[in-house]
2 protein chains.
Amino acid sequence: MNIGTVAQRSGVPAKTIRYYESVGLIPSAGRTAAGYRVYGERDVATLRFIQSARSLGFSVKEVGALLTLWNDRGRASADVRALALQHIADIDAKITELRSMRGTLQHLVDHCAGDGRPDCPILDGIADPARLGIAAACCRPEGEAG
Amino acid sequence: MNIGTVAQRSGVPAKTIRYYESVGLIPSAGRTAAGYRVYGERDVATLRFIQSARSLGFSVKEVGALLTLWNDRGRASADVRALALQHIADIDAKITELRSMRGTLQHLVDHCAGDGRPDCPILDGIADPARLGIAAACCRPEGEAG
DNA sequence: CTTGACCTTCCCGCCGCTGGAAGGCGCAGT
DNA sequence: ACTGCGCCTTCCAGCGGCGGGAAGGTCAAG
């Protein structure tokens with residue numbers, strides 16, 4: 001199987017496969033006499049595994065660790081679980097950050113007339129971050145626990 | 001004011017200020033005879049604005065647009081609002097994606113014993129993405145609307 | 001006059017690819 | 001045999017948003 005075929009079957013672009021090889025995520029493929037990379041079914045499965053793990057947000061390095069565990073018949077599932085839990089924690093941190101941004105932005109937007117006039121609480125809020133803090137508390141009724 | 005001072009007062013590292021200048025986010029600073037960059041109060045305010053906008057997740061390019069609006073006394077707040085709303089939409093898309101990842105991962109983790117044995121539904125699920133779909137539906141009671 | 005903190009430019013590295021150029025290989029058609 | 005096309009190879013550059021560090025100039029204090 002040439003790289004184009006394995007790319008199509010795994011869903012990983014040929015350039016990306018070469019990249020993964022160059023950074024050591026996958027071992028160097030065999031070569032034909034002409035220098036073409038040669039792949040087998042196992043490689044398709046590996047690349048699908050990688051694709052899937054990447055789509056779950058694991059970094060290439062983390063995928064490497066997962067691959068190692070996947071190939072290790074003597075692995076402890078606890079190790080895999082630990083990686084996954086850590087990744088969930090990372091995701092949670094990102095979500096928290098994004099929600100914080102979103103909340104601030106939404107608040108600013110809510111206070112902006114959004115018409116032809118230049119007065120803009122959004123710009124004011126960005127210009128003076130202290131107001132962002134104020135903004136977060138200024139119009140909270142009282143029903144929300146801090 | 002030298003770059004170190006303005007860096008300290010704005011919270012933007014000197015290297016980053018030079019970078020912002022190099023990509024045209026801020027205009028070229030004035031120079032002393034010796035070639036040192038010179039800044040004033042206005043620059044501190046601008047850099048704080050930038051810092052604040054960046055912390056809300058705006059890209060450097062978007063911050064450029066915000067800065068232009070900020071400096072334009074004839075702006076329409078609707079334009080600012082539109083930028084902010086678009087950014088909120090981008091953030092929402094990211095949050096949605098992260099939550100999807102999180103959901104899948106959590107599900108896999110829930111099914112993994114996480115002990116010394118090698119059997120691992122997490123690895124199985126990653127290896128065969130079809131199972132991820134199954135995983136999403138396999139143990140849903142019936143109370144959840146699709 | 002020296003020290004040390006500051007400033008300057010420059011280029012490299014990070015992550016995870018993606019695009020493109022220049023050249024070799026394989027096979028079909030004529 | 002030759003042409004053409006599509007695939008393969010390598011290498012280099014770039015995206016965003018900086019940070020590290022080298023090599024060298026400047027400034028104020030002692």
Side-chain angles (χ1 to χ4, degrees), chain A residues 1-26 28-40 43 46-67 87 90-91 93-94 97-98 101, chain B residues 1-26 28-40 43 46-67 87 90-91 93-94 97-98 101:
Chain A
M1 220 177 343
N2 283 344
I3 199 170
T5 307
V6 74
Q8 203 167 7
R9 291 195 44 203
S10 67
V12 180
K15 287 219 89 153
T16 304
I17 297 174
R18 282 189 279 257
Y19 168 73
Y20 286 160
E21 183 182 315
S22 79
V23 297
L25 180 61
I26 53 178
S28 299
R31 301 283 182 136
T32 66
Y36 284 25
R37 286 174 179 82
V38 181
Y39 299 91
D43 299 303
T46 299
L47 285 164
R48 282 188 180 149
F49 181 96
I50 292 171
Q51 183 83 328
S52 178
R54 291 285 299 129
S55 78
L56 287 175
F58 287 101
S59 71
V60 167
K61 192 174 178 181
E62 287 166 336
V63 172
L66 287 171
L67 266 180
H87 186 48
D90 294 346
I91 288 174
K94 282 183 194 165
E97 192 188 354
L98 286 171
M101 289 177 183
Chain B
M1 216 176 344
N2 283 344
I3 198 169
T5 309
V6 72
Q8 202 166 8
R9 291 196 44 204
S10 67
V12 179
K15 287 219 88 156
T16 303
I17 297 174
R18 282 189 279 257
Y19 168 73
Y20 287 161
E21 183 183 315
S22 79
V23 298
L25 180 61
I26 53 177
S28 298
R31 303 283 184 136
T32 67
Y36 283 27
R37 287 174 180 81
V38 181
Y39 299 91
D43 299 304
T46 298
L47 285 164
R48 281 187 180 150
F49 181 96
I50 292 170
Q51 183 83 329
S52 178
R54 292 285 298 129
S55 77
L56 288 175
F58 287 100
S59 70
V60 167
K61 192 174 178 183
E62 287 166 336
V63 173
L66 288 171
L67 265 181
H87 187 49
D90 294 347
I91 288 174
K94 282 184 194 164
E97 191 188 354
L98 287 171
M101 290 176 181

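Residue numbering restarts at 1 for every chain, and letters A, B, ... go by the order of the sequence lines.
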Whole-Å distance separating the CD atom of Glu21(B) from the C1' atom of dT9(C) = 12 Å

note = Out of dG26(C), dT9(C), dG16(C), minimum distance to the side chain of Ala34(A) belongs to dG26(C)

key: All side chain to side chain contact (heavy atoms under 4.5 Å, CB included) counterparts of Thr32(A), not counting sequence neighbours   = Ala34(A), Tyr36(A), Val38(A)

ask   = Going 5' to 3' along nucleotides 1-8 of chain D, which nucleotides have protein heavy atoms under 4.0 Å from the base (write B), which only from the sugar-phosphate (write S), and which from neither (write -)?
value = ------BS

Ala33(B) vs Ser59(B), nearer the 5' end of DNA chain D by closest nucleotide = Ser59(B)

ask   = If each of Tyr39(B) and Phe58(A) is mapped to the nucleotide of DNA chain C with the nearest heavy atom, which maps nearer the 5' terminus, i.e. the 5' end?
value = Tyr39(B)

task = Would you mind telling me which of dG17(D), dC17(C), dT9(D) lies closest to the side-chain atoms of Tyr20(A)?
result = dC17(C)

ask   = Can you check whether Leu98(B) reaches Leu98(A) side chain to side chain, under 4.5 Å on heavy atoms?
value = yes

task = Take atom CD1 of Ile17(B) and atom C1' of dC7(C), then tell me their distance rounded to the nearest Å.
result = 13 Å

message = Determine whether Ile17(A) and Val6(A) satisfy the following criterion, side-chain contact (heavy atoms from CB on, under 4.5 Å), listing intermediate values before the conclusion.
response = CA-CA 9 Å; Ile17(A) 297 174; Val6(A) 74; 3.8 Å; yes

ask   = How would you list, by chain and number, every residue that makes a ring pair (Phe, Tyr, Trp, His ring centres under 6.0 Å) with Phe49(A), sequence neighbours excluded?
value = Trp70(A)

ask   = Which residues pass the side chain to side chain donor-acceptor pair (under 3.5 Å) test with Gln8(A), sequence neighbours left out?
value = none

message = From NZ of Lys61(B) over to P of dG16(D), roughly how many Å is that when rounded to an integer?
response = 8 Å

task = Check Leu67(B), Thr46(B), Leu47(B) against Leu25(B) for a side-chain contact (heavy atoms from CB on, under 4.5 Å) and give me the one that passes.
result = Leu67(B)

note = dist Leu66(A):CG -> Arg54(A):CZ (nearest 0.5 Å) comes out at 11.5 Å

Which protein N or O atoms sit under 3.5 Å from an N or O of nucleotides 20-22 of chain C?
residue: dG20(C); atom: O6; partner: Lys15(A); partner atom: NZ; Å: 2.2

query = Which atom names give the shortest non-hydrogen contact between Ala7(A) and Ala14(A), and what distance separates them?
reply = CB-N, 3.7 Å

key: Test side chain to side chain contact (heavy atoms under 4.5 Å, CB included) applied to Glu21(B) - qualifying residues, sequence neighbours left out   = Ile26(B), Ser28(B), Ala29(B), Arg31(B), Arg37(B), Tyr39(B)

query = Base, sugar-phosphate alone, or nothing: which one does Thr32(B) contact when heavy atoms must sit under 4.0 Å apart?
reply = nothing

request  = Provide the full list of salt bridge (Lys or Arg N to Asp or Glu O under 4.0 Å) pairs with a residue in residues 1-16 of chain A, sequence neighbours left out, each pair given once.
outcome  = Arg9(A)-Glu41(A)

query = How long is the line joining CG of Leu25(A) and C1' of dG16(C), in whole Å?
reply = 11 Å

remark   = Taken in chain and number order and not counting sequence neighbours, the residues that satisfy salt bridge (charged side-chain N to carboxylate O under 4.0 Å, His left out) with Arg18(A) are none

query = If an axis is fit to five pairs at each end of the helix from dC1(C)-dG30(D) to dT30(C)-dA1(D), what is the angle between the two, to the nearest 10°?
reply = 30°

key: Nearest-angstrom distance from the residue atom CD of Gln51(B) to P of dC18(D)   = 8 Å

inquiry  = I need the CD-P distance between Glu62(B) and dG16(D), as an integer number of Å.
reply    = 12 Å

ask   = Are OP1 or OP2 of dG17(D) and a side-chain N or O of Thr16(B) less than 4.0 angstrom apart?
value = no

For atom CG of Leu47(A) and atom C1' of dC17(C), their distance in whole Å = 15 Å

inquiry  = Is there a side-chain contact between Arg31(B) and the phosphate of dG25(D), meaning an N or O under 4.0 Å from OP1 or OP2?
reply    = no

task = Could you pull out all residues at least two apart from Glu62(B) that satisfy side chain to side chain contact (heavy atoms under 4.5 Å, CB included)?
result = Phe58(B), Ser59(B), His87(B), Asp90(B)

